[in-house]
Structure formats: structure tokens, C-alpha cells
Amino acid sequence: VTDTDDVREQVEQVEAATAKAMEEVATGEAFGALLARTAENAAAVMAFWAASCDAVLRSLRVAGRQDVARLGARIAQTDDKLERVLEEIYVLQGELAARPRPPARTSGNGPRRPRAAKTRDAA
Amino acid sequence: MSALSDLIRAPAAAVEYANVLLTRDRAPLAQTPRDAIWTHRGATLYRYRSEQRRHPVPILLVFALINRPGVFDLRPGHSLVEFLLEEGFDVFLIDWGTPGEEDAELGLEHYVCDMLPSSIRETLRAAGEDEVTLMGWCMGGTMCLLHAALAQDTPVRNLVLLTTPVTGASSTYRRWIVGGDLDVDAIAQALPVIPGEGVDWANKLLKPVTSHWTTYRKLWDDVLAGRVQKDAFNAMARWVADNPPFPARAFADWIGGIYRDDALLRGDLVLRGRRVDLRDVEQNLLVITARQDHIAPPEDTLPLLDLVTSADVTHLDRPGGHIGLVTGSRARHDLWPELGGWLAERSGR
């Protein structure tokens with residue numbers, strides 16, 4: 001065992017003890033409350049920042065994030081409608097496949113003769 | 001190794017260490033060849049190419065809304081998808097894509113009641129089969145479970161749940177949300193999508209020293225000792241760092257409903273006007289828990305076993321963490337063969 005190994009072992013021991021202590025801190029209610037307030041504050045600041053940027057863009061007559069999001073939502077709604085159409089097509093396909101096929105037409109004497117092609121009298 | 005040799009190696013190791021960290025974003029992920037067979041609202045259903053499909057019942061892989069599903073196909077030789085293909089399964093994967101602000105109103109019901117049934121429908125059409133196996137991981141597993149409970153005529157034959165929470169009772173998240181009185185709904189109202197970085201930050205706070213120090217210290221030790229596996233480290237590091245935004249309403253449904261209110265276990269969870277009752281789950285069920293899982297501890301999964309009415313229930317509890325259980329080096333020789341065997345017995349006509 002060298003000096004380096006000794007040092008490494010001690011570092012790992014300190015690291016393991018610190019990790020355990022930090023995990024205990026992280027599971028505490030006080031930490032939870034701190035984290036909750038931090039997350040709520042961050043969300044509020046981000047919402048405020050996004051709204052402010054949007055207001056600046058709109059005042060410049062440029063589409064803001066909300067406008068782009070609204071447009072994206074309209075495209076997504078169209079996508080939803082197409083999906084419903086696809087579902088309907090699948091249902092109809094299933095119904096058609098399940099429907100019994102009508103018998104082949106056998107009226108008349110034997111198979112139909114093909115119509116003679118109309119020809120133009122060149123004369 | 002002596003201190004002197006460490007000192008001599010240190011400059012070269014520092015360059016190598018920096019190289020590993022700086023090239024993380026170029027690490028190849030999800031390399032198994034596949035074809036996109038259906039897309040809807042940014043989500044894409046993939047079918048993996050294979051010429052050795054032997055089991056008729058296809059498998060649909062479903063991952064969480066947090067992180068990307070590429071973890072199913074991490075890197076060649078360490079890919080669950082690759083393994084399942086080698087075992088003769090027809091493998092599909094639904095990738096939820098990158099939700100944008102226009103997806104703010106998408107709740108859990110959108111994924112459970114719309115997207116999953118559509119994905120199953122397209123999987124069956126592509127495979128030409130009548131039944132499917134759903135394999136969900138983490139939140140993806142919970143969504144599969146909700147689907148199985150709600151859709152009584154679902155063509156799901158087998159349900160495989162990997163480290164899947166049904167409650168947050170034993171998790172640190174619950175202490176943060178309930179103990180800290182986190183106003184989940186206010187956050188969801190303020191932001192159209194929860195930034196993925198925020199979710200990642202919270203996850204790393206569960207084990208702050210391990211996440212922010214030990215990982216990098218161990219990497220340094222490996223580099224210095226000349227045993228670093230750059231591909232392995234970078235593939236996982238890149239996957240961990242890639243966090244898509246979480247639609248606000250789905251976030252509120254998930255964190256508020258499952259973790260804060262314990263709505264799923266209490267039987268109070270309502271999706272599209274229908275109450276979710278886990279007693280309605282009748283599929284063949286394989287539940288896999290990881291003993292050292294700090295994200296979805298086994299205690300948050302096990303109540304499920306007493307609730308479902310499935311006649312065929314298997315529970316595997318194995319050493320490992322939330323992700324390492326399935327992607328770790330032991331998984332290929334330990335967990336995957338068990339998983340493959342369970343599926344093969346239940347994937348015939």
C-alpha cells in the first residue's frame with residue numbers, strides 16, 4: 001500500500017461521509033421547503049421574463065412566443081383532426097373487409113362480349 | 001501505483017479527461033437501424049429492422065416523459081433493443097419527441113388515452129398481429145399500467161414494468177412536495193412547459209455528491225489508471241444530460257396526482273372522466289424493481305402486486321439503480337435473459 005493509496009482511501013471515506021450527510025439534508029422537510037420556494041420563484045421569474053420579452057416583441061410588431069405557441073397549437077389541432085380521420089378510415093376499412101362480397105353478375109347468356117371499339121369512317 | 005508515476009501521468013490524463021468530457025455530446029446513441037412508421041404531434045413510432053423475427057407478439061417500448069427513450073438502445077453491445085431483436089422479437093418504440101409550448105395543455109390523459117392506443121394500433125397494423133406486449137420504464141411503465149387499467153378491450157397481452165412507481169410514498173420527491181408544500185399547480189400555470197434542465201436539477205439533488213462529484217472523480221481515477229471506457233461513459237452522460245421539456249399539465253397530473261395526492265393507489269385518479277382502478281389490470285404481468293433505486297424505490301412499486309387481478313404475475317427484484325439495473329454491465333448476463341425468457345413463453349400464438 002503506497003502513500004497515494006492511503007490518500008485515495010481517505011478521500012473516498014470523506015466523500016462517502018459527505019454524500020451520506022448531503023442525502024440526509026436533501027430528504028429533510030426544511031430542504032424540501034427551500035426547494036419548493038426556489039422552484040416557485042424560478043417559475044415566476046421565468047414567466048415574468050417570457051411575458052416581458054413577449055411585450056417587447058409585440059410592441060415591435062413581431063410575433064412573440066405566445067403567438068408562435070398559438071400557431072403551433074393550431075397546427076397540432078389539425079394534426080389531431082387528421083389522426084381522427086385516419087382512425088375513421090381504419091374503421092371503414094375494417095367494415096369493408098368484413099362485408100360479404102356481392103356475387104359476380106351472371107345475368108344474360110354467358111359472359112359479356114366486349115363492346116366493339118368505335119371506329120371513324122375515314123371516308 | 002506510486003505518487004511519482006501518478007504525477008508523471010497526470011498531464012496526459014488531464015488531456016484525456018478533458019477530451020472525454022468535451023466530446024460527450026458527440027457520443028452515438030440509439031444506433032440500431034429502425035424505421036419511423038407513424039408520427040403524431042411530435043411523437044414518432046419506430047419499428048426496428050430485423051430479419052429474425054420468431055415471436056409473433058410484438059413488443060412496444062414506452063419510456064417516460066423525462067429523458068429520452070434512447071436508453072433502451074444505449075450503444076452497440078449494451079442495448080436492450082439489440083438483445084430483444086437477437087432473441088427474435090419484433091420491437092417497436094414510441095418516442096414522445098420534444099414537447100413545445102403548444103403542448104402545454106396536454107395532460108397525462110393525452111398520453112394514456114390517445115397516444116398509447118394509437119401507438120398500439122399502428123404497432124399491430126405494422127406487425128400484422130392481434131396482440132402486443134407493452135414494456136414501460138419508469139413513468140412510461142405507469143402510463144402503460146394506466147392504459148391497461150382503463151382500456152378494457154385493449155389488445156395488450158403482456159405488461160412489463162421496469163422500475164415503475166405507482167405511488168410516491170417512499171420517495172424523497174414526496175417529502176419535497178408535501179413537506180415543502182410545493183405549489184405544483186402554480187408552477188404548471190406559470191410555465192407552459194417545465195424545462196428539462198429543471199427536472200434534471202431536481203433529480204440530481206437526490207444524490208448531490210454522487211451526481212456532481214463522485215461521477216467525475218471516478219472518471220478521473222479511471223483515466224489515470226488507463227481503464228476509462230470513453231464510449232460507455234459518454235453514452236450514459238449524453239443520455240442523462242438530454243432532458244426534453246415536460247408539458248405543464250402532464251407535470252401537474254404526474255407530480256400532483258401520483259406523488260402529492262397518491263391518487264393512483266387511493267383509486268382517485270380520473271382520466272377522461274373514468275376512474276383508474278388497478279384491479280382492472282388482467283394482463284400477464286412482469287414487474288422488475290431495483291434494490292438501490294432512489295428514483296422509484298421498490299416500496300413505491302410493490303403495492304401494485306396486491307391490487308392487480310392478473311393471474312400470471314412475476315416479480316424480479318435485482319441489485320442495481322433506477323437506470324443501471326437495465327443498462328448496467330451485469331444486465332446482459334443477468335436480467336435480460338430472464339426478461340427474454342419470460343417474454344418468449346408468453347409471445348406465441
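Naming: A, B, ... by sequence-line order, numbering from 1 per chain.
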- [ ] Spell out, as yes or no, whether a donor-acceptor pair under 3.5 Å connects the side chain of A:E40 to the backbone of B:D183.
- [x] yes
Open item on the list: Using a 4.5 angstrom heavy-atom cutoff, name the option from A:A73, A:A33, A:A76, A:A47 with the most pairs to chain B.
Closed with: A:A76
- [ ] Identify the two heavy atoms, one from A:A36 and one from B:G180, that lie closest to each other, and give their separation to 0.1 Å.
- [x] CB-O, 3.3 Å
- [ ] With a 4.5 angstrom heavy-atom cut-off, could you sort out which part of B:T172 is near chain A: side chain, backbone, both or neither?
- [x] side chain
Task: Non-hydrogen side-chain atoms of A:L86 and B:R121 separated by less than 4.5 Å - done: yes
Open item on the list: How long is the straight-line distance from CD of A:E23 back to CG of B:L205, given to the nearest 0.5 Å?
Closed with: 11.5 Å
Open item on the list: Which atoms of A:R74 are under 4.5 Å from chain B, going by heavy atoms: the side chain, the backbone, both sets, or neither?
Closed with: neither
Task: Partner chain B: residue of A:R70, A:R37, A:E29 with the largest heavy-atom pair count (under 4.5 Å) - done: A:R37
TODO: Between chain A and each of B:E105, B:E101, B:R125, B:H294, count heavy-atom pairs under 4.5 Å; write down the option with the most.
DONE: B:R125
Open item on the list: Please identify, among B:W176, B:Y173, B:W213, the residue contributing the most non-hydrogen atom pairs under 4.5 Å to chain A.
Closed with: B:W176
- [ ] Step through the shown structure and confirm whether more than 12 heavy atoms of other residues, nucleotides or ligands are within 6.0 Å of CZ on A:R65.
- [x] no
- [ ] For chain B, find which of A:Y90, A:F48, A:F31 contributes the most heavy-atom pairs closer than 4.5 angstrom.
- [x] A:Y90
Task: For the student: nearest non-hydrogen atoms of B:E102 and A:G72, plus distance - done: CB-C, 3.5 Å
Task: Pairwise distance CD(A:E83) to CH2(B:W38) - rounded to 0.5 angstrom - done: 5.0 Å
Task: 4.5 Å side-chain heavy-atom contact, A:L35 and B:W201 - done: yes
Task: Beyond-backbone contact of B:R217 with A:E12, side-chain heavy atoms, under 4.5 angstrom - done: yes
Task: Contacting moiety of B:D221, where chain A heavy atoms sit under 4.5 Å - done: side chain
Open item on the list: Taking side chain as everything from C-beta outward and backbone as N, CA, C, O, which of these in B:L206 sits under 4.5 Å from a heavy atom of chain A? Side chain, backbone, both or neither.
Closed with: backbone
Open item on the list: Treating A:D79 as the side-chain partner and B:H40 as the backbone partner, does any N or O pair qualify as donor plus acceptor under 3.5 Å?
Closed with: no
Task: Part of B:L191 lying under 4.5 Å from any heavy atom of chain A - done: side chain
Open item on the list: Within the 4.5 Å heavy-atom criterion, are B:V209 and A:K20 side-chain neighbours or not?
Closed with: no
Open item on the list: Given heavy-atom pairs under 4.5 angstrom as the criterion, report whether the side chain, backbone, both or neither of A:Q93 touches chain B.
Closed with: side chain
- [ ] Decide if atom CZ of B:R227 counts as having more than 12 heavy atoms of other residues, nucleotides or ligands within a radius under 6.0 Å.
- [x] yes
Task: Interface moiety of B:P192 toward chain A, non-hydrogen atoms closer than 4.5 Å - done: neither
Open item on the list: Taking every non-hydrogen pair under 4.5 Å, which of B:A190, B:A202, B:G42 racks up the most with chain A?
Closed with: B:A190
Task: More than 12 heavy atoms of other groups within 6.0 Å of B:K204 NZ - done: yes
TODO: Report the C-alpha distance between B:D6 and A:R8 in whole Å, list the side-chain angles of each, state the deciding distance to 0.1 Å, and finish with yes or no for side-chain contact (heavy atoms from CB on, under 4.5 Å).
DONE: CA-CA 12 Å; B:D6 272 0; A:R8 182 168 288 133; 3.8 Å; yes
